[in-house]
Student: 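Just passing along the structure, written as structure tokens.
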Amino acid sequence: MKKNKKEKKKYAKKQIGFGILLGVTVLAGIYIGMAVFFQTHFCFGTTVDGIPVGGLNAARVEQLIKGEIDSYRLKLLKREGEPEEISGADISIRPVFDGEVAGLIEEQNAFAWIAAAFQGRELALARVVEFDGDALDKIIDSLECMDAANQRMPVNAGCSGYEKGAGYTLIPADYGTTVARGAFRKAVLEAISTLEDELDLDAAGCYVEPKIGDDNPKLLKVLEDLNRCVGMTVTYDFDEKKEVLDGETINEWLNVVDLELAVDEEAVSAYVKQLGKKYNTAYQSKTFETSYGETVTISGGFYGWRIDNGQETQQLIADLRAGESVEREPVYMQTANSHGETDYGDSYVEINLTAQHLFLYKDGELVVESDFVSGCVAKGHSTPTGAFGLTYKTTDAVLRGPGYATPVKYWMPFNGDVGMHDATWRRSFGGNIYKRNGSHGCINLPFDVAEKIYGNIDKGFAVLVYTLPGTESAAAVQQDAAEVVNLINSIGTVTLESETAIVSARNLYDALSATAKGYVTNYDTLVAAEAALAALKGGQPPAEQPPAEQQPAEQPPAEQQPAEPQPPAEQQPAEPQPPAEQPPAEGQPTQ
């Protein structure tokens, strides 16, 4: 019994093993059979261009693809308007396989058909097709989007004009609807060749684009520059006054040239000139309260503030391009002491030619005052009046002119070659010495006074030169009166030859101040001489002439000063006044 049971078990095991072997054999046969099958057919789970082709051979797949191509239509998505289509049938489209489908089958691993069934395979054909090119061209030209009546030319993006509060804004481009035919045809050919379902003309670059689009970097940059310019301010500091330049004016100077910021230099220059007309004080008359308590108007001379038009124009343009607000003074060609009521402030040299007396004030304090001798009136060398600035100063200079070379210790020119300096050859100063024995135009000073002035002034220091009738010194008044008295006394018996002396006496008398006329005690003699001369010229015998007045005046004239000896070399002659709007050139004498 035990033996039978063992044999039965052994038999059963043999049967099971045989069954397994048989199953494996069957499965192997099936696997191999399918592998052979997939040598000429696509594996399960395979698609070609989205078409399920598992279990199909090349011929069947080609048939399916051909059927799909026969119904092919290309949809054209336009920038504006409804889409249009191109039908494959209208251009006689047909596939050209050239063994490509069979080649895909050959490339697959037939023995991996089980894995392919679970994983899937997506294949694509080059999809080479043939079609009628002439027919396609006719269809392209017949499309609505190719009709000129439906096309709008593109317009470049740009900058708006300036608007208060908004500045400059982008004017968007109009991209239009004009189709670039060459690019369009090329895109259509590529789409049909790969059997694309849709062609987006915009994305495919089929339109004529504006040269300057909304996102043009240079356009966006110049917009930024423009707005930065009109958003800034330039505040000019004139001490007590401020002049603010802002976008309301700046925008008028800005332009865009080749997508770059351009600033109208002529307009900026015109603004700077207007600024100068408003704030420049050079070459303008100045009201001056003298040390004598009277106010005079000083005209002539170049002293004062003067903006440098060229340099300030360039600086302002640089500020605009920088685009940052700034507060500063203008670029000056010439400066003065003060921006207040008077540009000379409270530091100046005051020169009264009438009184032949000067004062030096510094920060409102009197430093020194002195008599001087100015330009010789008789020789036409009168010192010019005006408001000037010290040109420079130097020591141990030699003043040169025709036939002379005069050394001085302190040389301080303020109007061309007219200046202040020590004159050690003179024994006295003031009075009316200047009328007949004056300088060539300079202000001759005592040595110690010149030294004091030299130590307290520098380049640009204000020098105010004026005349003020009535401020002549008592000595000068008496000297002028004595000269007229002597001339009247010299007339003697009146003859026709006396006319020159009589006319000269009259002219000198009329030129005297009221105070000086009071010292002319023989005025009646002059009147009588004039009457006698008139009678002689009219053919009448002259009336009896009273003897010349010899009695002393009620207030005897002061002893007339002897003529001052002139050195062989005087200071250099005064040069003409500088022309309007031109400061005098610095000219240092030979030292």
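Residue numbers start at 1 and run along the sequence shown. If you're wondering where the values come from, they're calculated on a predicted model, not measured in any experiment.
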Student: Quick one: does S439's side chain have a donor or acceptor within less than 3.5 Å of a partner on I443's backbone?
Tutor: no
Student: With the threshold set at 4.0 Å, does a side-chain nitrogen-carboxylate oxygen contact exist between K435 and E472?
Tutor: no
Student: Mind running ring pair (Phe, Tyr, Trp, His ring centres under 6.0 Å) on Y279 and F238 for me, showing each step along the way?
Tutor: CA-CA 8 Å; Y279 292 102; F238 295 101; 3.7 Å; yes
Student: Search all heavy atoms of E369 against all heavy atoms of L366 and return the closest pair with its distance.
Tutor: OE2-CD2, 3.8 Å
Student: Yes or no on side chain to side chain contact (heavy atoms under 4.5 Å, CB included) for I453 and L358, after CA distance, side-chain angles and deciding distance?
Tutor: CA-CA 11 Å; I453 294 174; L358 64 72; 4.0 Å; yes
Student: I need the minimum non-hydrogen distance between H421 and C442, along with the two atoms involved.
Tutor: NE2-CB, 3.5 Å
Student: Please say which of L468, T471, T383 ends up in a side-chain contact (heavy atoms from CB on, under 4.5 Å) with L353.
Tutor: T383
Student: Report, as yes or no, whether the 6.0 Å neighbourhood of atom NZ on K211 holds more than 12 heavy atoms from other residues, nucleotides or ligands.
Tutor: no
Student: Pairing donors with acceptors under 3.5 angstrom, does anything connect the side chains of N280 and R306?
Tutor: no
Student: Answer yes or no: is there a donor N or O on one side and an acceptor on the other, between the side chain of R79 and the main chain of G176, under 3.5 Å?
Tutor: yes
Student: Going by salt bridge (Lys or Arg N to Asp or Glu O under 4.0 Å), name the pairs with one or both residues in residues 438-458, residues two or more places apart or in two chains.
Tutor: K393-D458
Student: Apply ring pair (Phe, Tyr, Trp, His ring centres under 6.0 Å) to Y236 and list each qualifying residue two or more places apart in sequence or on a separate chain.
Tutor: none
Student: Between W305 (side chain only) and M333 (backbone N and O only), is there a donor and an acceptor less than 3.5 Å apart?
Tutor: no
Student: Just grab all the salt bridge (Lys or Arg N to Asp or Glu O under 4.0 Å) pairs involving residues 266-287, residues at least two apart or on different chains.
Tutor: E243-K278, K286-D343
Student: Please tell me whether S160 and T169 have a donor and an acceptor in their side chains that are separated by less than 3.5 angstrom.
Tutor: yes
Student: Evaluate Y175 against V208 for side chain to side chain contact (heavy atoms under 4.5 Å, CB included), listing each step before the verdict.
Tutor: CA-CA 8 Å; Y175 286 81; V208 176; over 6 Å; no
Student: Taking the side chain from D239 and the backbone from H339, do they hold a donor-acceptor pair closer than 3.5 Å?
Tutor: no
Student: So, does T385 use its side chain to make a donor-acceptor pair with the main chain of V465 at under 3.5 Å?
Tutor: no
Student: Could you check whether the rings of Y283 and F302 sit parallel, tilted or perpendicular, using 30° and 60° as the cut-offs?
Tutor: tilted
Student: Under a 3.5 Å threshold, yes or no: a donor from one side chain and an acceptor from the other, between Y392 and W411?
Tutor: yes
Student: Is there a donor-acceptor pair closer than 3.5 Å between any side-chain N or O of N415 and the backbone N or O of V418?
Tutor: no
Student: Output the distance between atom CG (D308) and atom CD (Q334), rounded to the nearest 0.5 Å.
Tutor: 11.0 Å
Student: Look at the side chain of K362 and the backbone N and O of N456, then say whether any donor-acceptor pair between them is shorter than 3.5 Å.
Tutor: yes
Student: Under the salt bridge (Lys or Arg N to Asp or Glu O under 4.0 Å) test, which residues partner D346, sequence neighbours left out?
Tutor: none
Student: With sequence neighbours left out, write down each residue that passes salt bridge (Lys or Arg N to Asp or Glu O under 4.0 Å) with E224, or none if nothing qualifies.
Tutor: R228
Student: Tell me, with the steps shown, if Y344 and V349 meet side chain to side chain contact (heavy atoms under 4.5 Å, CB included).
Tutor: CA-CA 10 Å; Y344 47 81; V349 177; over 6 Å; no
Student: Would you say L445 and M420 make side-chain contact, with heavy atoms under 4.5 Å?
Tutor: yes
Student: Decide ring pair (Phe, Tyr, Trp, His ring centres under 6.0 Å) for Y168 and Y162; before the verdict, give the C-alpha distance in whole Å, the side-chain angles of both, and the deciding distance to 0.1 Å.
Tutor: CA-CA 5 Å; Y168 296 87; Y162 172 78; 5.8 Å; yes
Student: I would like to know whether V484 and N486 meet side chain to side chain contact (heavy atoms under 4.5 Å, CB included); could you show each step before the answer?
Tutor: CA-CA 5 Å; V484 175; N486 292 336; over 6 Å; no
Student: Would you check, one step at a time, whether the test side chain to side chain donor-acceptor pair (under 3.5 Å) holds for N352 with H357?
Tutor: CA-CA 5 Å; N352 183 344; H357 198 76; over 6 Å; no
Student: Apply the ring pair (Phe, Tyr, Trp, His ring centres under 6.0 Å) test between F359 and each candidate in F288, Y292, Y466; give the one that qualifies.
Tutor: Y292
Student: Is it the case that the side chains of E350 and S291 hold a donor-acceptor pair, with the cut-off being a distance below 3.5 Å and no angle test?
Tutor: yes
Student: Is the backbone of T235 close enough, under 3.5 Å, to the side chain of T233 for a donor and an acceptor to pair up by distance?
Tutor: no
Student: If I compare all heavy atoms of A387 with all of L464, which pair ends up nearest, and what's the gap?
Tutor: CB-CD2, 3.7 Å
Student: Quick one: pull up CG in D417 and NE2 in H440 and give me the separation to the nearest 0.5 Å.
Tutor: 12.0 Å
Student: Between the main-chain N or O of L223 and the side-chain N or O of N227, is there a donor-acceptor pair closer than 3.5 Å?
Tutor: yes
Student: Might you work through the ring pair (Phe, Tyr, Trp, His ring centres under 6.0 Å) test for Y348 and Y361, ending with a clear yes or no?
Tutor: CA-CA 5 Å; Y348 50 84; Y361 292 95; 5.4 Å; yes
Student: Compare every heavy atom of N309 with every heavy atom of V272, then report the nearest pair and how far apart it is.
Tutor: CG1-OD1, 3.8 Å
Student: Nearest 0.5 angstrom please: M232 CE to D319 CG, how far?
Tutor: 5.5 Å
Student: To check you understand the geometry: which heavy-atom pair defines the closest contact between F372 and N444, and what is its length?
Tutor: CB-O, 3.2 Å
Student: Looking at D422 and K409, is there a salt bridge between them, counting it only when a charged N and a carboxylate O are closer than 4.0 Å?
Tutor: no
Student: What closest approach, in Å, do F461 and S347 show between heavy atoms, and which atom pair accounts for it?
Tutor: CZ-C, 3.7 Å
Student: Can you tell me how far the OG atom of S473 sits from the CG atom of N432, to the nearest 0.5 Å?
Tutor: 7.0 Å
Student: Does a side-chain N-to-carboxylate-O contact under 4.0 Å join R152 and D174?
Tutor: yes
Student: Determine whether more than 12 heavy atoms belonging to other residues, nucleotides or ligands lie under 6.0 Å from atom CD of E248.
Tutor: yes
Student: Could you give me the CA-CA distance, side-chain angles and deciding distance for K218 and D258, then say whether salt bridge (charged side-chain N to carboxylate O under 4.0 Å, His left out) is met?
Tutor: CA-CA 9 Å; K218 292 186 69 176; D258 296 331; over 6 Å; no
Student: Pair up each side-chain donor or acceptor in residues 500-509 with any protein partner under 3.5 Å, not counting sequence neighbours, and list the distances.
Tutor:
{"unit_1": "S504", "atom_1": "OG", "unit_2": "T500", "atom_2": "O", "d": "3.0"}
{"unit_1": "R506", "atom_1": "NE", "unit_2": "E530", "atom_2": "OE2", "d": "2.8"}
{"unit_1": "R506", "atom_1": "NH1", "unit_2": "D510", "atom_2": "OD1", "d": "3.2"}
{"unit_1": "R506", "atom_1": "NH1", "unit_2": "Y523", "atom_2": "OH", "d": "3.3"}
{"unit_1": "R506", "atom_1": "NH2", "unit_2": "Y523", "atom_2": "OH", "d": "3.2"}
{"unit_1": "R506", "atom_1": "NH2", "unit_2": "E530", "atom_2": "OE1", "d": "2.9"}
{"unit_1": "R506", "atom_1": "NH2", "unit_2": "E530", "atom_2": "OE2", "d": "3.4"}
{"unit_1": "N507", "atom_1": "ND2", "unit_2": "V503", "atom_2": "O", "d": "3.4"}

Student: Do other residues, nucleotides or ligands put more than 12 heavy atoms under 6.0 Å from the CD atom of E289?
Tutor: no
Student: Do E265 and T313 meet the criterion of a side-chain donor-acceptor pair at a distance under 3.5 Å?
Tutor: no
Student: Hey, are the side chains of Y454 and T395 touching, using non-hydrogen atoms and a 4.5 Å cut-off?
Tutor: yes
